[in-house]
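Below is one structure, written out as structure tokens; the observations come after it.
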Protein chains: 2
Amino acid sequence: MATGRTHRPATRSRGIPEATVARLPLYLRALTALSERSVPTVSSEELAAAAGVNSAKLRKDFSYLGSYGTRGVGYDVEYLVYQISRELGLTQDWPVVIVGIGNLGAALANYGGFASRGFRVAALIDADPGMAGKPVAGIPVQHTDELEKIIQDDGVSIGVIATPAGAAQQVCDRLVAAGVTSILNFAPTVLNVPEGVDVRKVDLSIELQILAFHEQRKAGEEAAADAVAPPAVARKQPHVGPSADSTGSADKGPDGDVPAVMPA
Amino acid sequence: MATGRTHRPATRSRGIPEATVARLPLYLRALTALSERSVPTVSSEELAAAAGVNSAKLRKDFSYLGSYGTRGVGYDVEYLVYQISRELGLTQDWPVVIVGIGNLGAALANYGGFASRGFRVAALIDADPGMAGKPVAGIPVQHTDELEKIIQDDGVSIGVIATPAGAAQQVCDRLVAAGVTSILNFAPTVLNVPEGVDVRKVDLSIELQILAFHEQRKAGEEAAADAVAPPAVARKQPHVGPSADSTGSADKGPDGDVPAVMPA
DNA sequence: AATTGTGAACACATTCACAGCT
DNA sequence: AGCTGTGAATGTGTTCACAATT
């Protein structure tokens, strides 16, 4: 996925694989739950099960962080929580702005897990003047005109876009111009960003389409199994699958304008 | 990623790589936009740019579907839209139930892109009896008691879980028992499902944590550049890329201290 | 002349399997 | 005895680069 390319300084190890980074939050969540239950140590097997991965993968992942376990014993829960939090940058405070306070934006603003891990909703921003001042999740909505000021005053580096697709690129441009360097995009559009800016996208419609693909394949397989051969073999393995990927810029063509409001 | 595993019939090519499947919706969206502008054909280069990937990848992806282009010319937009839709299973109707009609569930119910591509919200379900009958997005909310009946009557195979984390596994179990075989999970929990059931998850908090990781790394890189060496070299390449990225480079400096809790 | 389609090379990720430590 | 840490093997995904085709 992504990008990359960056030269790669070759030697010197501090390069944690992207796939590993994407799993750290999962481990952290499982560890936090254990911590709340005052469990002092955990084996790779147990923790892996709680996080929904296999234990070899988990151990390999931790080995990139430096390997904080004890052979014959397992991992110290509190210590691991700390190390992973630090690695993810969660020991510091990340002010976040949410732009587009419709149904989704409001849901995000109300989302608890948000504040819980180092993220703080610094502002809610919407283009509708009628929204201005209205509190959502206890935070008054501010008008888009204030966007640049808010970002600069609060030192916001992470922005969440929850606007209709048609407005997303424009909002993105303003966020970036004002200093935001990481964007979480919920609008169903490819965003164009300059290098150095990270974009991750969350797209309901894409997730459903992927599910539909597999769903269809299941149906086909059944039919095939019925009609063709007698495969007494197991069909699937346990695993729960992760998801989400990312994406980023690209060009946008001549006009770049996206159809209407919320296309597929 | 999600799913998959299915035994793999070995030979016989119908095995489209998971990474390719995950990009098909992106191509489809770009193609739909072209179709609406009545563009008749498109080159791999142009389409790739619109979808935010590179052209070699796109051509390779299409080669798994059977290669529907014409050398020297490009791809026929309408034809590709059809082929991809068919491959994804979007030529049929997929009834979907959304369980948990809080802020997020309501946002999902209102999400337009939902209905636009073969997906139909068959029912909205919530555990709160007070919600029963209340229309959201024009659809009356039904009580959880009705869950099994709805799924069976409508032949629902895809379920969306938008409940609090604590209720998710239980809801999941009921959905699966009633016949759902694909689940899109918005609750921040690992779901346990029997084999044969696909789960994809969408997790805001995980996405933010991944962004924070990269954000932190950016800051570290700057500092390192300032303090350590005089790298007159380019730092990143243009890449249209996707994001999430990346990588690479450098390490993070001196190391992170290893304060607190417990030594190895 | 332009652009696809694809083998071969490369890069990244997962899994195995066991040596090494507690 | 038990469990981690990790090289080596395997599997998956991406990119290159060019022959094939219109």
Produce the list of close N/O pairs, under 3.5 Å, pairing protein atoms with atoms of nucleotides 20-22 of chain C; give distances to one decimal.
from   : atom 1 : to    : atom 2 : distance (Å)
C/dG20 : N3     : A/R71 : NH1    : 3.2
C/dT22 : O4'    : A/R71 : O      : 3.2

Would you tell me if any nitrogen or oxygen in the side chain of [X] comes within less than 4.0 Å of OP1 or OP2 on [N]?
X	N	result
B/Y75	C/dG5	yes
A/N54	C/dT15	yes
B/R23	D/dT14	yes
A/K60	D/dT6	no
B/S67	C/dT6	yes

message: Does B/F62 reach a base, just sugar-phosphate, or nothing at all? Heavy atoms under 4.0 Å.
response: nothing
Given C/dT4, D/dG13, D/dT6, the nucleotide with the shortest approach to the side chain of B/S43: C/dT4
message: Looking only at the side chain of A/S44 (C-beta and beyond, no hydrogens), which of the listed nucleotides C/dT4, C/dT14, D/dT4 gets closest?
response: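 Shortest atom-to-atom distance from the side chain points to D/dT4.
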Is there a donor-acceptor contact under 3.5 Å linking the side chains of [X] and [Y]?
X	Y	result
A/Q169	A/T189	no
B/Q83	B/Y79	yes
A/D198	A/S182	no
B/T32	B/E36	no
B/D76	B/Y68	no

Whole-Å distance separating the [atom1] atom of [X] from the [atom2] atom of [N]:
X	N	atom1	atom2	result
B/K57	C/dA9	NZ	P	21 Å
B/L58	C/dT4	CG	P	8 Å
B/E46	C/dA2	CD	C1'	12 Å
B/R59	C/dT4	CZ	P	6 Å
A/D61	C/dA13	CG	C1'	10 Å
A/D76	D/dC3	CG	C1'	15 Å
B/L80	C/dT4	CG	P	11 Å
A/E18	C/dT14	CD	P	11 Å

query: Counting only N and O atoms by type, is there a donor-acceptor contact under 3.5 Å from the side chain of A/K201 to the main-chain atoms of A/V190?
result: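 Judged by distance alone, no pair lies under 3.5 Å.
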query: Which heavy atom of A/R59 sits nearest a heavy atom of A/Y75, and at what distance?
result: CG-OH, 3.7 Å
